Novice: 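Attaching a single structure in structure tokens format; questions to follow.
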Amino acid sequence: MRLDHLSFAAGPDGLASTAQRLGGLLGKEFTEGGIHPRFGTRNMIMPLDGGNYLEIVECLDHPASDKAPFGQAVRARSAAGGGWLGWVVAVDDIAELETRLGREAVKGNRHLPTGEELLWQQIGVNSLITDPQLPFFIKWETPAEMHPSTGADPDFCLATLEIAGDPQRVSEWLGQSVEAPLEDVKVEWVAPNGTPGILAAQFQTPSGLVRL
């Protein structure tokens with residue numbers, strides 16, 4: 001397991017404006033990601049050094065966004081003003097998770113502006129909806145060289161995650177210590193009795209640490 005990416009839901013001003021605002025704070029522009037037709041969403045991304053990336057996602061006016069759990073999660077977070085949606089862990093074997101969680105993974109795809117297509121499977125979004133401290137899982141089916149972190153600027157990386165929640169609860173969900181997928185990222189567990197989920201993330205940039 002390893003940290004794959006962080007998801008941030010666009011605010012009422014929409015995807016482009018949210019990306020411009022966060023990109024301005026970080027000192028780097030987001031790039032067009034593409035549409036997730038199965039989920040009724042689209043995103044913009046920023047590759048990060050360390051093999052992960054940051055995405056900003058918004059719902060489309062499409063029936064899939066009302067039916068797919070991921071679309072539902074994005075819509076609800078955006079309706080609440082936007083902000084951190086969750087974190088995502090990449091795995092090599094999603095069948096083990098299907099067995100342990102008692103449900104099947106969902107296929108996902110995203111059409112890139114270049115015309116290429118990214119393919120993956122994911123599982124656990126419903127649990128993210130009910131308990132936002134929990135990550136969901138992704139198994140990439142496209143070559144590693146097509147991963148959204150490809151081409152990252154080495155001056156930009158995730159330094160710290162601030163998560164409101166209980167590390168023991170997250171470890172039980174992962175099936176292993178929470179430190180495993182986050183070994184290269186500092187995690188600060190705060191407000192164990194508060195509303196769970198990502199409170200903030202700190203990024204190392206050429207201008208120093210930036211907290212979003």
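Please read all numbers here as calculations on a predicted model, not as lab measurements.
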Novice: Hey, is the main chain of Glu145 close enough, under 3.5 Å, to the side chain of Thr150 for a donor-acceptor pair?
Specialist: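 It does hold such a pair.
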
Novice: Quick check: does any side chain N or O of Arg110 sit under 3.5 Å from a backbone N or O of Gly33, one acting as donor and the other as acceptor?
Specialist: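 The answer is yes, because a donor-acceptor pair under 3.5 Å joins these two groups.
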
Novice: Is there a side-chain contact between Asn43 and Phe30, using heavy atoms and a 4.5 Å cut-off?
Specialist: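 Side-chain contact under 4.5 Å: no.
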
Novice: Find out whether Asp49 and Gln204 are in side-chain contact, i.e. whether some heavy atom of one side chain is under 4.5 Å from a heavy atom of the other.
Specialist: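 They are not in contact (no side-chain heavy atoms under 4.5 Å apart), so the answer is no.
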
Novice: Exactly one of Asp4, Leu97, Leu128 should register a side-chain contact (heavy atoms from CB on, under 4.5 Å) with Phe136. Which one does?
Specialist: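 So, applying the side-chain contact (heavy atoms from CB on, under 4.5 Å) to Phe136 and each of Asp4, Leu97, Leu128, only Leu128 qualifies.
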
Novice: Does CD in Glu29 sit with more than 12 non-hydrogen atoms of other residues, nucleotides or ligands closer than 6.0 Å?
Specialist: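 Open.
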
Novice: Of all heavy-atom pairs between Leu199 and Trp84, which one has the smallest distance, and what is that distance?
Specialist: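 Leu199 and Trp84 have their closest heavy atoms at O-CD1, 3.8 Å.
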
Novice: Does any non-hydrogen side-chain atom of Asn109 lie less than 4.5 Å from one of Pro37?
Specialist: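 A side-chain contact under 4.5 Å exists here.
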
Novice: I'd like to know if the side chain of Ser7 and the backbone of Gly86 have a donor-acceptor N/O pair within less than 3.5 Å.
Specialist: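 Judged by distance alone, no pair lies under 3.5 Å.
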
Novice: Of Glu104, Lys139, Lys107, Glu141, which is the lone residue that meets side chain to side chain donor-acceptor pair (under 3.5 Å) with Gln121?
Specialist: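 Single side chain to side chain donor-acceptor pair (under 3.5 Å) partner of Gln121 among Glu104, Lys139, Lys107, Glu141: Glu141.
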
Novice: What's the spacing between Gln168 CD and Trp173 CH2 if we round to 0.5 Å?
Specialist: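 That separation rounds to 15.5 Å.
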
Novice: Taking Thr99 for the side chain and Ala95 for the main chain, is one N or O donor matched with an acceptor at less than 3.5 Å?
Specialist: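 Confirmed, Thr99 side chain pairs with Ala95 backbone.
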
Novice: Taking it one step at a time, do Trp189 and Val178 satisfy side chain to side chain contact (heavy atoms under 4.5 Å, CB included)?
Specialist: CA-CA 11 Å; Trp189 295 95; Val178 69; 3.7 Å; yes

Novice: Go through the steps to decide whether Cys59 and Val74 satisfy the test side chain to side chain contact (heavy atoms under 4.5 Å, CB included), and finish with yes or no.
Specialist: CA-CA 6 Å; Cys59 276; Val74 174; 3.9 Å; yes

Novice: Identify the two heavy atoms, one from Leu26 and one from Thr205, that lie closest to each other, and give their separation to 0.1 Å.
Specialist: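 Taking every non-hydrogen atom into account, O-CG2, 3.7 Å.
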
Novice: Should the heavy atoms of other residues, nucleotides or ligands under 6.0 Å from CD of Gln72 be counted, would the total exceed 12?
Specialist: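 Enclosed: over 12 neighbouring heavy atoms sit under 6.0 Å from CD of Gln72.
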
Novice: What pair of heavy atoms forms the shortest contact from Arg100 to Leu174, and how long is it?
Specialist: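 Looking at all heavy atoms of both residues, the closest pair is NH2-O, 3.0 Å.
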
Novice: Can you tell me how far apart CZ (Phe8) and CG (Leu15) are? Round to the nearest 0.5 Å.
Specialist: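 CG of Leu15 is found 11.5 Å from CZ of Phe8.
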
Novice: Counting N and O atoms only, with roles assigned by atom type, does the side chain of Gln202 sit under 3.5 Å from a partner on the main chain of Ala159, one being a donor and the other an acceptor?
Specialist: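 Absent.
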
Novice: Fit a plane to each ring of Phe39 and Trp120, take the angle between them on a 0 to 90° scale, and name the class: parallel (under 30°), tilted (30 to 60°) or perpendicular (over 60°).
Specialist: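 Tilted, since the angle between the ring planes falls between 30° and 60°.
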
Novice: How long is the straight-line distance from CZ of Arg103 back to CG of Asn126, given to the nearest 0.5 Å?
Specialist: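 Separation between the atoms: 6.0 Å.
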
Novice: Are Met46 and Leu25 connected in the hydrophobic side-chain network, where two residues link if heavy atoms are under 4.5 Å apart?
Specialist: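 Yes; tracing contacts between hydrophobic side chains, which count when under 4.5 Å, links both residues.
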
Novice: How close do Glu98 and Ala105 get, counting heavy atoms only, and between which atoms?
Specialist: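 Closest approach of Glu98 to Ala105: OE2-N, 2.8 Å.
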
Novice: Please answer whether the main-chain N or O of Gly82 pairs with a side-chain N or O of Arg77 as donor and acceptor at a distance below 3.5 Å.
Specialist: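 The answer is yes, because a donor-acceptor pair under 3.5 Å joins these two groups.
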
Novice: Give, for atom CD1 of Ile138 and atom NE2 of His5, the distance between the pair rounded to the nearest 0.5 Å.
Specialist: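 Ile138 atom CD1 to His5 atom NE2 measures 5.5 Å (nearest 0.5 Å).
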
Novice: Side-chain contact test, heavy atoms from C-beta onward, threshold under 4.5 Å: evaluate it for Val170 versus Trp87 and give yes or no.
Specialist: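 Side-chain contact under 4.5 Å: yes.
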
Novice: Using side-chain heavy atoms (C-beta onward) and a distance below 4.5 Å, is Tyr53 in contact with His147?
Specialist: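 Sidechains of His147 and Tyr53: in contact.
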
Novice: Determine the minimum heavy-atom distance between Ala164 and Gln133, stating which atoms define it.
Specialist: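 Taking every non-hydrogen atom into account, O-CB, 3.7 Å.
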
Novice: Please report the shortest heavy-atom distance between Thr18 and Gly14, naming the atom on each side.
Specialist: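 Closest approach of Thr18 to Gly14: OG1-O, 2.8 Å.
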
Novice: Ion pair present between Glu188 and Lys186, side-chain N to carboxylate O less than 4.0 angstrom?
Specialist: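 The answer is yes: the pair qualifies as a salt bridge.
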
Novice: With clusters defined by side-chain heavy atoms of hydrophobic residues (ILVMFWY) lying less than 4.5 Å apart, directly or transitively, does Ile163 cluster with Val210?
Specialist: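 Yes: a chain of side-chain contacts under 4.5 Å links Val210 to Ile163.
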
Novice: Indicate if Val88 and Leu182 have the same hydrophobic cluster label, given that clusters are the connected sets of ILVMFWY residues with side-chain heavy-atom separations under 4.5 angstrom.
Specialist: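 No.
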
Novice: Answer yes if Val125 and Ile56 sit in the same cluster of Ile, Leu, Val, Met, Phe, Trp and Tyr residues linked by side chain heavy atoms under 4.5 Å apart, and no otherwise.
Specialist: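 No, Val125 does not connect to Ile56 through the hydrophobic network.
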
Novice: More than 12 non-hydrogen atoms from neighbouring residues, nucleotides or ligands closer than 6.0 Å to CG on Asp93, yes or no?
Specialist: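 Counting neighbours around CG of Asp93, more than 12 heavy atoms of other residues, nucleotides or ligands fall under 6.0 Å, so yes.
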
Novice: Please test Phe137 against Met1 for side chain to side chain contact (heavy atoms under 4.5 Å, CB included), starting from the C-alpha separation and ending with a verdict.
Specialist: CA-CA 9 Å; Phe137 304 94; Met1 290 186 176; 3.8 Å; yes

Novice: With a 4.5 Å heavy-atom cut-off, do Phe156 and Pro47 have their side chains touching?
Specialist: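 Phe156 does not reach Pro47 side chain to side chain.
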
Novice: Establish whether Ile35 and Leu85 are linked, either directly or via other cluster members, by ILVMFWY side-chain heavy-atom contacts under 4.5 Å.
Specialist: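 Result: no, two separate clusters.
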
Novice: So do the side chains of Ser149 and Asn52 get within less than 4.5 Å of each other, counting heavy atoms only?
Specialist: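 The answer is no, as the side chains (C-beta and beyond) never meet within the 4.5 Å cut-off.
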
Novice: Are the side chains of Leu6 and Leu48 in touch, meaning some heavy atoms are under 4.5 Å apart?
Specialist: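 Result no, sub-4.5 Å side-chain heavy-atom pair not found.
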
Novice: Distance from Met146 atom CE to Leu118 atom CG, nearest 0.5 Å?
Specialist: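 Rounded to the nearest 0.5 Å, the CE-CG separation comes out at 5.0 Å.
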
Novice: Between Lys28 and Asp155, is the closest basic N to carboxylate O distance under 4.0 Å?
Specialist: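 No salt bridge links Asp155 with Lys28.
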
Novice: For Phe203, run the side-chain contact (heavy atoms from CB on, under 4.5 Å) check against Leu209, Leu22, Leu54 and tell me which one passes.
Specialist: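 Result: among Leu209, Leu22, Leu54, Leu54 is the only option passing the side-chain contact (heavy atoms from CB on, under 4.5 Å) with Phe203.
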
Novice: Look up atom OG1 in Thr114 and atom CD in Glu32, then write down how far apart they are to the nearest 0.5 Å.
Specialist: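 Between Thr114 OG1 and Glu32 CD, I get 11.5 Å after rounding to 0.5 Å.
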
Novice: Is the backbone of Gly71 close enough, under 3.5 Å, to the side chain of Thr41 for a donor and an acceptor to pair up by distance?
Specialist: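 Side chain of Thr41 to backbone of Gly71: no pair is present.
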
